Amino acid sequence: MAHEPVVPGDTIGILGSGQLGRMLAMAAARLGIKTHIYCPESGPAFDVAARHTMAAYDDDAALAAFAASVKVVTYEFENVPAHTAEFLAQRVPVHPNPRALATTQDRLVEKRFLNDLGIPTAPFMDVTDTGALAHAVANLGRPSILKTRRFGYDGKGQVMIREGSDLTATFRSLGSAPCILEGLVRFSREVSVVAARSADGGFAAFALSENQHEHHILSVTRAPAPALELTAAEAMSMTGRIAEALDYVGVLAVEMFLVDDVGPDGVLRETLVVNEIAPRVHNSGHWTLDGAVTSQFEQHIRAICGFPLGSTRMHGAVEMHNLIGPDVLAWRDLMAQPGACVHLYGKHEARPGRKMGHVTRVLLP
Ligand code: AMP
C-alpha cells in the first residue's frame with residue numbers, strides 16, 4: 001500500500017487519551033501536526049487535540065472512520081488489542097508496527113525474543129498452572145516473582161513468592177492467568193534507555209536514565225545515570241538491536257537492571273539485565289521535555305511522520321520528580337521555585353497512586 005508522506009498541517013491519530021497522548025499531541029502541534037485521539041474513555045489528551053472519538057476498540061465502524069481521517073496512527077499504551085492494531089494497519093500506517101506490539105504485550109514472548117537476540121533477562125519459566133508454578137519455584141528458588149504474562153503495569157499483576165508463600169493461593173491471586181516466574185535480580189540500580197528509530201533505520205538515543213520507584217511507581221528519574229561509559233554504551237547498543245529486530249518506527253523505552261559485581265581482579269563490573277520493553281514514549285523520558293534539544297514526544301512524532309530525527313543533546317544534568325496523587329496539591333509552591341519546570345496533566349481527582357504531573361529541574365553544567 002503506497003501512502004502519501006505526512007507534512008505539517010496533516011492530522012495523525014493516537015490511540016489512548018492519557019497524559020502520554022496529551023504530551024504527544026502537544027509535541028505534534030509544535031510541528032504543525034493536528035491530532036485525532038481515539039479512546040473508549042475521555043482523558044487529558046482530549047483537551048489538547050483537534051479531534052477526538054470516544055468509541056470502543058472493537059467498534060469497526062468508528063475505527064474505519066478514524067483511519068480515514070488520519071495519515072498515520074500511533075498509540076500511547078501497549079495494551080492496544082491486536083484486532084484494533086491490525087484493523088487499522090490494513091487502512092493506514094500504524095507505528096510502531098503490530099508485531100512490535102504483540103512481542104512486547106506478552107512477557108513470555110518478550111523475554112524469549114530478547115534471549116534470542118543474546119540480550120540477558122532475569123531467568124524465567126512459563127507458568128500455566130499450580131503444578132508448573134511448583135516446578136518453576138523448585139528451579140528458580142525463593143524469593144522469586146510471579147508475573148502475569150499480559151496487562152501488568154506499575155507493579156500490578158505481580159506477586160513476590162517468599163519462604164512459606166502458598167503457591168496455589170498466590171497463583172489464584174493473579175486470577176490463575178498465564179504467568180511467568182522470574183528469578184530475583186539483585187540489582188544496584190534501575191536504568192532505562194529511551195530511543196527512537198526511523199523508517200530508514202536511523203537511531204537516536206537519549207542519555208541513560210536512572211529510575212527510582214516507590215510502591216512500584218516511578219518516583220524520580222535522573223539523567224545521565226551514574227554508570228560506567230562502557231555500560232551506557234552497552235545499554236544503547238542493546239536498545240538499537242531491539243529496535244532493529246522489531247523493525248521499529250517511533251520511540252521505545254527499555255528498562256534494565258544494573259548489577260554491580262567486583263571480579264576476582266578487584267575491578268568493578270556492571271552488568272545489564274533487561275526487564276522490559278515499552279513500545280511507546282515512557283515516564284523515564286519525561287525529562288527530555290525540558291532537558292534535551294528534542295523531547296521524546298517530538299522525537300516520536302518525527303519518527304512516525306517520516307521527519308528527520310532531532311538532536312538528543314542534553315542541556316545539563318536533569319532530575320524529574322513525578323507528582324503522584326496528592327503531591328500535585330503543592331503545584332503553587334512548585335511553580336514559585338526558580339528552575340522548576342512544572343507539568344500538570346489536567347486530571348481532576350488526585351487519587352493515591354495516580355500520575356498527576358511531573359517537575360523537571362535542569363542542573364546547568
Ligand atoms: P515490572 O512490572 O516488570 O516493571 O516490575 C516492577 C518492578 O518490580 C521493577 O521496576 C523492579 O523494581 C521490580 N522487579 C521486577 N522484576 C524483578 C526481578 N526479576 N528481580 C528484581 N526486581 C524485580
Side-chain angles (χ1 to χ4, degrees), residues 18 20 76-79 101 103-115 119-127 133 136-163 165 170-171 173-175 177-194 208-223 225-227 235 238-239 242 252-261 270-286 320-322 324 353-355 358:
L20 300 180
E76 60 142 23
F77 72 115
E78 56 271 50
N79 291 324
L101 201 54
T103 306
T104 55
Q105 276 178 346
D106 182 322
R107 290 186 193 272
L108 182 64
V109 176
E110 180 178 80
K111 284 205 161 46
R112 286 180 174 155
F113 160 78
L114 288 164
N115 290 175
I119 293 178
T121 60
F124 64 94
M125 290 180 78
D126 186 10
V127 172
L133 176 58
V137 171
N139 274 274
L140 299 176
R142 302 177 190 227
S144 47
I145 306 179
L146 185 65
K147 300 181 179 180
T148 55
R149 284 174 56 177
R150 302 170 69 90
F151 305 121
Y153 71 98
D154 287 350
K156 295 189 175 64
Q158 58 177 279
V159 194
M160 182 87 93
I161 298 203
R162 304 173 193 277
E163 292 308 330
S165 294
T170 307
F171 187 56
S173 74
L174 294 179
C179 284
I180 58 167
L181 185 73
E182 277 186 37
L184 195 74
V185 178
R186 310 257 173 209
F187 60 82
S188 13
R189 271 160 284 159
E190 292 189 73
V191 296
S192 59
V193 176
V194 174
L208 188 70
S209 303
E210 179 183 9
N211 304 315
Q212 283 173 9
H213 296 84
E214 261 175 49
H215 311 295
H216 288 286
I217 300 173
L218 182 67
S219 169
V220 185
T221 295
R222 291 188 182 84
M238 284 179 180
T239 306
I242 291 168
L252 81 167
V254 182
E255 294 184 55
M256 305 175 187
F257 301 129
L258 195 155
V259 182
D260 280 325
D261 68 294
E270 295 177 339
T271 320
L272 292 169
V273 172
V274 169
N275 178 30
E276 63 183 355
I277 306 165
R280 53 170 171 81
V281 287
H282 193 256
N283 197 167
S284 68
H286 286 6
M320 188 284 310
H321 289 252
N322 267 341
I324 303 199
R354 194 171 194 210
K355 290 176 179 168
H358 70 270

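It should be emphasised that the depicted structure is a prediction, and the values quoted were computed from it without experimental measurement. Below, all heavy atoms of this structure are taken into account, side chains as well, without hydrogens, waters or symmetry copies. Just so you know, ligand 1 is whichever comes first in the structure, and atom 1 is the first atom listed for that ligand. The chain is numbered in sequence order, starting from 1.
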Can you list the atoms of ligand 1 that are under 4.0 Å from a heavy atom of L184? 20 (N), 21 (C)
Decide yes or no for M320 and L218: does some side-chain heavy atom of the first lie under 4.5 Å from some side-chain heavy atom of the second? yes
Taking both backbone and side-chain atoms of V185, is any N or O found less than 3.5 Å from an N or O belonging to ligand 1? yes
Distance under 4.0 Å to a non-hydrogen atom of R107: what atoms of ligand 1 satisfy this? 2 (O), 3 (O)
Assess, by modelled atom type and distance only, whether the side chains of N322 and S219 contain a donor and an acceptor separated by less than 3.5 Å. no
How far is atom 19 (N) of ligand 1 from its nearest protein heavy atom, and which residue and atom name does that atom have? E182 OE1, 2.8 Å
The protein heavy atom nearest to atom 18 (C) of ligand 1 is I145 CD1, 3.7 Å
L108 backbone acceptor or donor facing D106 side chain under 3.5 Å: yes
Mark yes or no for whether S144, through its side chain, and L140, through its backbone, hold a donor-acceptor pair below 3.5 Å. no
Indicate yes or no: does R189 engage E270 in a salt bridge with an N to O separation below 4.0 Å. yes
Structural part of R186 in contact with ligand 1, heavy atom criterion under 4.0 angstrom: neither
With E276 as reference, evaluate R107, K111, R149 under the salt bridge (Lys or Arg N to Asp or Glu O under 4.0 Å) test and give the passing residue. R107
For atom 6 (C) of ligand 1, what's the nearest protein heavy atom and its distance? Q158 NE2, 3.6 Å
Report, in ascending order of atom number, the atoms of ligand 1 lying under 4.0 Å from any heavy atom of F187. 12 (O), 21 (C), 22 (N)
Considering only protein heavy atoms, which is closest to atom 7 (C) of ligand 1, and at what distance to one decimal place? H216 ND1, 3.8 Å
Exam field: side chain T103 to backbone E110, donor-acceptor pair closer than 3.5 Å: no
Of all the atoms in ligand 1, which lie at a distance below 4.0 Å from a heavy atom belonging to E190? 9 (C), 10 (O), 11 (C), 12 (O)
The closest protein heavy-atom partner of atom 4 (O) of ligand 1 is E276 OE2, 2.9 Å
Any heavy atom of G183 sitting closer than 4.0 Å to ligand 1? yes
Would you check if E182 and Q158 make a side-chain contact, meaning some heavy-atom pair closer than 4.5 Å? no
For H282 and S284, indicate whether the former's side chain and the latter's backbone hold a donor-acceptor pair under 3.5 Å. yes
Within the 4.0 Å heavy-atom cut-off, what N211 brings close to ligand 1 is neither
Donor + acceptor pair across side chains of T221, N283 (<3.5 Å): no
Can a non-hydrogen atom of K147 be found less than 4.0 Å from any atom of ligand 1? yes
Examine A122 against ligand 1 and note whether any of their N/O atoms are separated by less than 3.5 Å. no
